[in-house]
Q: 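I'd like to ask you about the structure that follows.
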Amino acid sequence: FLDVLPVSGASVSTVGELLGSETLSASDALAARLDELQFDLGEGPCWDAMKLGRPVLEPDLRTRPNTVWPAFTAAVLHEDVRSIFAFPLSVGPLRMGAVDLYSLAPVSLDPRQTRQADALAGVVSRHVLRQAISAIDQEAEGPDNAYSRRLLHQATGVVLAQLDISADDAR
């Protein structure tokens with residue numbers, strides 16, 4: 001993301017009940033802090049991108065009305081962040097989180113850059129889903145984990161509900 005877009009930092013996070021709310025990767029401390037603010041406050045661009053299933057683009061936070069994300073905007077105004085963008089992490093109808101990008105200067109993403117960032121988020125989405133499935137498999141194979149079957153069945157149920165597929169396909 002940092003190599004192809006005019007942004008200063010990036011983070012990848014899971015958001016919500018499916019995989020929990022957690023920062024998986026951050027380019028720097030400020031990117032991680034922006035994620036933590038959104039988790040703690042329960043609002044912000046990553047929540048909107050995940051809920052809406054589309055990019056959320058805010059080229060200048062200083063001119064954005066505080067009514068959209070009142071607590072998040074108030075907290076971010078104390079940082080040097082001017083622009084923030086969020087792209088959903090999703091595979092089909094399964095929404096898992098978001099990629100957040102920020103800039104210290106006010107910038108806009110043109111349509112080509114928005115498509116590039118969305119495509120990159122799609123690649124990251126598949127990687128995050130593979131990691132989550134692998135983690136379930138590793139826990140299920142661990143001899144010391146008494147609850148591994150329960151976790152596997154819970155994950156199967158989530159996939160069934162989200163993708164509307166049979167139990168055999170979900171496993």
Side-chain angles (χ1 to χ4, degrees), residues 1-5 7-58 69 72 84-102 109 111-171:
F1 291 93
L2 300 180
D3 289 342
V4 298
L5 298 169
V7 295
S8 306
S11 64
V12 176
S13 58
T14 55
V15 180
E17 294 179 25
L18 180 61
L19 298 176
S21 295
E22 155 181 37
T23 301
L24 302 177
S25 179
S27 62
D28 55 58
L30 182 53
R33 174 154 168 65
L34 292 172
D35 269 1
E36 289 302 316
L37 283 171
Q38 292 179 83
F39 298 154
D40 292 345
L41 299 171
E43 67 179 36
C46 75
W47 289 99
D48 288 357
M50 191 195 77
K51 288 176 189 172
L52 300 171
R54 63 174 174 76
V56 173
L57 310 173
E58 185 49 58
W69 310 308
F72 176 74
I84 193 161
F85 312 104
F87 293 84
L89 292 179
S90 60
V91 176
L94 186 65
R95 295 181 187 163
M96 303 169 280
V99 172
D100 280 342
L101 308 172
Y102 78 86
L109 298 181
R112 182 183 61 80
Q113 292 168 323
T114 302
R115 285 191 306 274
Q116 286 176 321
D118 204 29
L120 287 168
V123 172
V124 171
S125 299
R126 290 184 294 280
H127 181 72
V128 168
L129 182 58
R130 274 193 301 272
Q131 272 189 313
I133 291 169
S134 293
I136 291 170
D137 288 344
Q138 289 170 1
E139 289 179 23
E141 292 170 5
D144 297 329
N145 188 349
Y147 300 42
S148 63
R149 301 309 301 159
R150 182 177 64 90
L151 290 173
L152 185 60
H153 289 297
Q154 283 177 340
T156 301
V158 169
V159 172
L160 282 169
Q162 292 285 328
L163 298 180
D164 194 29
I165 59 176
S166 71
D168 288 337
D169 289 340
R171 287 188 196 129

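The first residue in the sequence is number 1, and the count goes up from there. Only this structure's heavy atoms are used, side chains among them; waters, hydrogens and symmetry mates stay out.
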Q: Any sub-3.5 Å donor-acceptor pair from Q116's side-chain atoms to L5's backbone N or O?
A: no

Q: Can you find a heavy atom in the side chain of V99 that is under 4.5 Å from one in the side chain of L120?
A: no

Q: Are the side chains of T23 and F39 in touch, meaning some heavy atoms are under 4.5 Å apart?
A: yes

Q: Can you give me the closest heavy-atom contact between A49 and V56, atom names plus distance?
A: N-CG2, 3.5 Å

Q: To the nearest 0.5 Å, tell me how far L24 CG sits from S11 OG.
A: 9.5 Å

Q: Tell me the closest heavy-atom pair linking F72 and P45, and the distance in Å.
A: CE2-CD, 3.6 Å

Q: Does any part of the side chain of V12, heavy atoms only, come nearer than 4.5 Å to the side chain of V124, both counted from C-beta?
A: yes

Q: According to side chain to side chain contact (heavy atoms under 4.5 Å, CB included), who are the partners of S8, at least two apart in sequence or on a separate chain?
A: Y102, S103, L104

Q: Taking the side chain as everything from C-beta on, heavy atoms only, tell me whether F87 gets closer than 4.5 Å to T114.
A: yes

Q: Could you tell me which non-hydrogen atom of L89 sits nearest to which non-hydrogen atom of A121, and how far apart they are?
A: CD2-O, 3.7 Å

Q: Taking S90's backbone N and O only, do any of them form a donor-acceptor pair with S125's side chain (distance below 3.5 Å, no angle check)?
A: yes

Q: If you measure from OG on S13 to CD on E22, what distance do you get to the nearest 0.5 Å?
A: 9.5 Å

Q: Do S27 and L2 have side chains that get closer than 4.5 Å, going by heavy atoms?
A: yes

Q: Report the distance from atom CG of L94 to atom CG of L129, rounding to the nearest 0.5 Å.
A: 6.0 Å

Q: What is the distance from atom CE of M50 to atom OG1 of T14, rounded to the nearest 0.5 Å?
A: 9.5 Å

Q: Kindly give the heavy-atom pair with the smallest separation between W69 and E43, and that separation in Å.
A: C-OE2, 2.9 Å

Q: Under 3.5 Å, is there a donor-acceptor pair between the side chain of R126 and the main chain of V91?
A: no

Q: Identify the two heavy atoms, one from P88 and one from D118, that lie closest to each other, and give their separation to 0.1 Å.
A: CD-OD1, 4.3 Å

Q: In the structure I gave you, are the side-chain heavy atoms of V15 and Q38 within less than 4.5 Å of one another anywhere?
A: no

